[in-house]
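Just the heavy atoms: all of them, side chains too, but no hydrogens, waters or symmetry mates, feed the values below. None of the values given here were measured: they were computed from a predicted structure. Letters A, B, ... mirror the listed sequences (proteins, then strands); counts begin at 1.
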Amino acid sequence: METRNTEIADLFKKTADFLEIAGTNPFRVRAYRNAARTIKSLARSITDLLTEDPDLTRLSGIGKELDDKIKEIIRTGKLGKLEELEERVPAGLHRVLKVPGLGPRKVKALYDKLSIRNIEDLRREAREGRIRELAGFGQKTENRILRDVDRLDSNEKRTLWITAENIAGSLREHLGFDLSNRDLIVTGSFRRRKETVRDLDVLVASRDSKAIMERFVNFDQIDRVLANGHTRASILLRSGLQVDLRVVELSCLGAALHYFTGSQAHNIAIRRLGRQKGLKINEYGVFKGDRRIAGQAEEEIFTSVGLPYIEPELREDSGEIQAAREKRLPALIALNDIRGDLHCHTDDSDGRNSLEEMVRAAETKGYEYIAVTNHTGSLKIARGLKAADVRHLIKKIDRLNQRLSHLVVLKSMEVDILKDGELDLPNDILEELDFTVCSIHSHFGLSRAEQTERILRAMDNPYFNILGHPTGRLLNRRPAYRVDLDRLITAAAERGCFLELNAHPERLDIDDVHCRSAKDKGVRVAISTDAHGISDLDFMRLGVAQARRGWLEPQDVLNTRGLDQLMKLFKRS
DNA sequence: GCCGTTTTCGGCCCGACTGTTTTCAGTCG
């Protein structure tokens, strides 16, 4: 499914960029971008939706024209409109648009006046001093182009959420706020809990913006200052992360919090609702004419447009506003709904802590159960266990369980799915386990069809319970292997299997879109840490955050269940 | 190009900051 939806979204995004350079009406450009976002965040494949109802104008932001264009892409794999644009606008300008400070108007001017058609042209003209001669350009712009033109790729780098959290902690310390002080809030995609962030949006409520700004631009991790105004400043850190600071008065904090949390699309949708009610909404508050009627608390923004409060994780304009209006917002899962961890390693395979240490850590968390899921034999690099070792470990866990009073250690394994879809342990051993997590650790290069068949075959084994880290991606390091996840979710629903949401900060696998997809098809998700040491058990909060982005409620999640119910769910038949 | 409890045409979120300008366009979020 991903390919089709992503393909359509990418073509629309690209069309928007080219239309922008061509100088089209900006609202038309926005229509393409909105449609791209809508399609990308769909929980189901477009082709699926089409078989149910050929009219796609029921999707928000898709009208008659774009409905036709989607069908054109599905039919031909191409978009005529884009090809037509590419004849008028050089393809290389797409990349020139990525240079910070160069928007569509400036790019068009560079093309019209200096015939700049790509990054190489841009670099040459800047070096030769011709850009500063243009009307509307100057020395500073030229210098900036020369500085930034060679690091476009690092601009596109995104920072892991957990890394951003660390940086935010250092910044908070530097600015002199203690962690419990509610007056420094990290907003933006960080607050929406996106798995990676491009920048950090920091909001401070204070009267004394000058002192804070001054300290901010002297942060020790800084590479350079990008902007520095009265209430707003931006810095680039050496790590490549951009940090934007905004200082507002306490009386505006709620409105500013809503505004800076975004997403931009969500804000636009909320402000449009405001306009329909004759209100103006900005970062300072909600206004009726000149009179400010709300803005101190974030809830007031929603109340003013007649909606209940919407959690930050849902604010992507992907159906949350309609759900709010119809009073069917999900009651999102929270960390304290979690009753155990279903994927942990010990030093019996590649973990850093012993079984006893992991169990004690789980007890400290107040868990009712923890599953020990070591690797199986074919994964030699992780010192995977052979059948005899597994039997030995099972006995060890049985003995341990007799001593424990508040917590049960579940006997499990992270079973390798072999190339042919066989599981890496014989069924007579699998039968002795409480359940299994089955994962792919090899042959990532199979074709989409082969990889899908491989996993489907594994799922046919009656002892297959949870599909571990279903796409195998490592954020910023390794793309997902090619697989038809939509089909796997359907298959899991049919067979009574489950999907893991691996909470490791580099995995967060499955993503938010597929959480929604699983929920829609009635497949429950196990939020698991894949801990290789006691400190990793804390990754659970990241998994829960991702689940919230995926609209999951406690009942959609496997490990919110008590032990008895959990064991019943693991019995396939 | 989308959209409609005021609309099928005429709107479309809103403001800060920079650089290039002498009052503002372009970019960004």
Between N or O atoms, less than 3.5 Å apart, protein on one side and nucleotides 25-28 of chain B on the other: list the pairs.
from	atom 1	to	atom 2	distance (Å)
B:dT27	OP1	A:G103	N	2.7
B:dT27	OP1	A:G103	O	3.0
B:dT27	OP1	A:K106	N	2.8
B:dT27	OP2	A:R105	N	3.2
B:dT27	O5'	A:G103	N	3.4
B:dC28	OP1	A:G101	N	2.6

A:K78 and A:E72 ion-paired at < 4.0 Å = no
Identify whether the distance between the nearest side-chain nitrogen and carboxylate oxygen of A:E20 and A:R33 falls below 4.0 Å.
-> yes
Using the six-membered ring of A:Y32, assess whether NZ or CZ of A:K13 lies under 6.0 Å from its centre and within 45 degrees of the ring axis.
-> no
Take atom CD1 of A:I235 and atom C1' of B:dT18, then tell me their distance rounded to the nearest Å.
-> 18 Å
Please determine which of A:K40, A:R192, A:R548, A:R549 meets the salt bridge (charged side-chain N to carboxylate O under 4.0 Å, His left out) test together with A:D512.
-> A:R549
Taking atom C1' of B:dG29 as reference, at what distance in whole Å does atom CG of A:D199 sit?
-> 8 Å
Interatomic distance, A:F12 CZ vs B:dC2 C1' [rounded to whole Å] | 13 Å
Whole-Å C1' distance, B:dT21 and B:dG26 | 12 Å
Have a look at A:F260 and say if it touches a base, only the backbone sugar-phosphate, or nothing, with a 4.0 Å heavy-atom cut-off.
-> nothing
Which part of the nucleic acid does A:N267 contact within heavy-atom distance under 4.0 Å: base, sugar-phosphate only, or nothing?
-> nothing
OP1 or OP2 of B:dC17 under 4.0 Å from side-chain N/O of A:T231 | yes
Report yes if a side-chain nitrogen or oxygen of A:S234 is closer than 4.0 Å to either non-bridging phosphate oxygen (OP1 or OP2) of B:dC17; otherwise report no.
-> no
Protein-nucleotides 7-12 of chain B N/O pairs closer than 3.5 Å?
from	atom 1	to	atom 2	distance (Å)
B:dC12	OP1	A:R275	NH2	2.7

Which nucleotide, B:dA16, B:dT20, B:dC17, lies nearest any side-chain atom of A:K140?
-> B:dT20
Does A:D201 or A:A135 map to a spot on DNA chain B nearer the 5' end, using the closest nucleotide for each?
-> A:A135
Please list all pairs passing the ring-ring contact (aromatic ring centres under 6.0 Å, His included) test where one or both residues lie in residues 294-336 of chain A, with sequence neighbours left out.
-> A:H258-A:F302, A:F302-A:Y309
Using the C1' atom in both, what is the distance from B:dC2 to B:dT7, to the nearest Å?
-> 14 Å
A:D317 CG to B:dC3 P, straight-line distance once rounded to whole Å = 11 Å
Choose from B:dG29, B:dT18, B:dG15 the nucleotide whose nearest atom is closest to any side-chain atom of A:K280.
-> B:dG15
Out of curiosity, A:R37 CZ to A:N34 CG, how far, rounded to the nearest 0.5 Å?
-> 5.0 Å
Using the P atom as the reference point in each nucleotide, state the distance between B:dG1 and B:dT6 in Å, no decimals.
-> 28 Å
If you check every side-chain atom of A:L66, which of B:dC17, B:dG1, B:dT20 has the closest atom?
-> B:dG1
Which nucleotide, B:dG1, B:dG29, B:dG19, lies nearest any side-chain atom of A:Y32?
-> B:dG1
Closest listed nucleotide, where the reference is the side chain of A:N228 and the choices are B:dT18, B:dG19, B:dG15 | B:dT18
Short side-chain to backbone donor-acceptor contact, A:K71 and A:P54, under 3.5 Å = yes
Between A:D244 and A:Q242, a side-chain donor and acceptor under 3.5 Å = yes
How long is the line joining CG of A:D67 and C1' of B:dG1, in whole Å?
-> 13 Å
For A:Q264, answer base if it contacts any base atom (sugar-phosphate contacts may also be present), sugar-phosphate if it contacts only those atoms, and nothing otherwise; contact means non-hydrogen atoms under 4.0 Å.
-> base
Selection from B:dG1, B:dG15, B:dC13 that lies nearest to any side-chain heavy atom of A:K69 | B:dG1
If pairing requires Watson-Crick or G-U wobble contacts with both distances under 3.5 Å, which nucleotide is the partner of B:dA16?
-> B:dT27
Roughly, in whole Å, what's the span from CZ in A:R192 to P in B:dG29?
-> 13 Å
Taking atom types as they are modelled, is there a donor-acceptor pair under 3.5 Å from the base of B:dG15 to the side chain of A:Y259?
-> no
When the C1' atoms of B:dT23 and B:dC13 are considered, how many whole Å apart are they?
-> 24 Å
Considering just the side-chain nitrogens and oxygens of A:Y284, establish if one lies under 4.0 Å of OP1 or OP2 belonging to B:dC13.
-> no
Tell me what A:T57 touches on the nucleic acid: a base, only sugar-phosphate, or nothing, going by heavy atoms under 4.0 Å.
-> nothing
Positive for salt bridge (charged side-chain N to carboxylate O under 4.0 Å, His left out) with A:E553, one of A:K519, A:R328, A:R516 = A:K519
Rounded interatomic separation in angstrom, taking CG from A:L226 and P from B:dG19 = 10 Å
So what does A:I270 touch, heavy atoms closer than 4.0 Å: a base, only the sugar-phosphate, or nothing?
-> nothing
In Å, rounded to the nearest 0.5 Å, how long is the span from CD of A:E133 to NZ of A:K113?
-> 13.0 Å
With rounding to whole Å, what would you report as the distance between B:dT20 and B:dT27 at their C1' atoms?
-> 13 Å
Would you mind reading off the distance between A:K277 atom NZ and B:dC13 atom C1', rounded to a whole angstrom?
-> 17 Å
Please determine, by modelled atom types, if A:D55 and A:T57 share a side-chain donor-acceptor pair under 3.5 angstrom.
-> yes
Pairing of A:K64 and A:D68 as salt bridge, 4.0 angstrom limit = yes
If the C1' atom of B:dG15 is compared with that of B:dG10, how far apart are they to the nearest Å?
-> 24 Å
Of A:H230 and A:I62, the one whose nearest nucleotide on DNA chain B sits closer to the 5' end is A:I62
